[in-house]
Amino acid sequence: MAASARRGPYFCGIDAAMDVVAGKWKSLILWELHEHGTRRFAELRRGLPGVSEKMLIQHLREMEEDGLVHREVYRQVPPKVEYSLTGQGVSLNAALAPLAAWGTERIRRIGADPVSFDDDAKAG
């Protein structure tokens, strides 16, 4: 695991945590890997409609540097790469659970429409 470029200084714990999860797709990558376990790049991309290849690669690299995601490369033809959560990724996901509950209640309260993966697939 490479040393993270993000090392503070931080005002508080929330500042340090948000430094690691900042970015539109990082929390969703955590969720996807938590819900489905080990995933290949294409599986992650299909599970996150709307993410560009470039952004997914960038976020996965940052998350690997921060020790949240493990990248396993299998030396075979064609090459195979799998991503999974590390212990730190699992614990961060657990820490985000109350925030997810708050968000679920907000969705219900404001009557927001859920994302439909079927509609996204038809549009793409």
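FYI, the numbering just counts along the sequence from 1. Since the model is a prediction, treat every value here as computed from it, not as a measurement.
Between Lys80 and Glu72 there is no salt bridge, since no side-chain N of the basic residue sits under 4.0 Å from a carboxylate O of the acidic one. Salt-bridge annotation for Glu82 and Arg39: absent, with no side-chain N of the basic residue lying under 4.0 Å from a carboxylate O of the acidic one. Comment: Arg108 engages Glu105 in a salt bridge, judged by a side-chain N to carboxylate O separation of less than 4.0 angstrom.
Heavy atoms from other residues, nucleotides or ligands lying under 6.0 Å from CD1 of Ile14 number 12 at most.
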Requested in this report: Please lay out, stage by stage, how Glu62 and Val20 fare under the test side chain to side chain contact (heavy atoms under 4.5 Å, CB included).
Outcome: CA-CA 8 Å; Glu62 290 173 4; Val20 178; over 6 Å; no
Requested in this report: Apply side chain to side chain contact (heavy atoms under 4.5 Å, CB included) to the pair Arg71 and Val81, showing each step before the final yes or no.
Outcome: CA-CA 7 Å; Arg71 180 177 184 261; Val81 179; 3.6 Å; yes
Query raised in the report: Passes side chain to side chain contact (heavy atoms under 4.5 Å, CB included), Ile29 versus Leu48? Steps please.
Result: CA-CA 8 Å; Ile29 292 168; Leu48 302 169; 3.7 Å; yes
Report task. Output, in order, the C-alpha distance, side-chain angles, deciding distance and verdict of side chain to side chain contact (heavy atoms under 4.5 Å, CB included) for Phe41 and Leu56. Result -> CA-CA 9 Å; Phe41 183 85; Leu56 183 55; 3.5 Å; yes
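No side-chain donor-acceptor contact under 3.5 Å links Asp19 to the backbone of Asp15. For Glu43 (side chain) and Arg40 (main-chain N/O), a donor-acceptor pair under 3.5 Å exists by modelled atom type.
With a 4.5 Å cut-off on side-chain heavy atoms, His34 and Val90 do not count as touching.
Heavy-atom minimum distance, Pro98 versus Ala94: CD-O, 3.7 Å.
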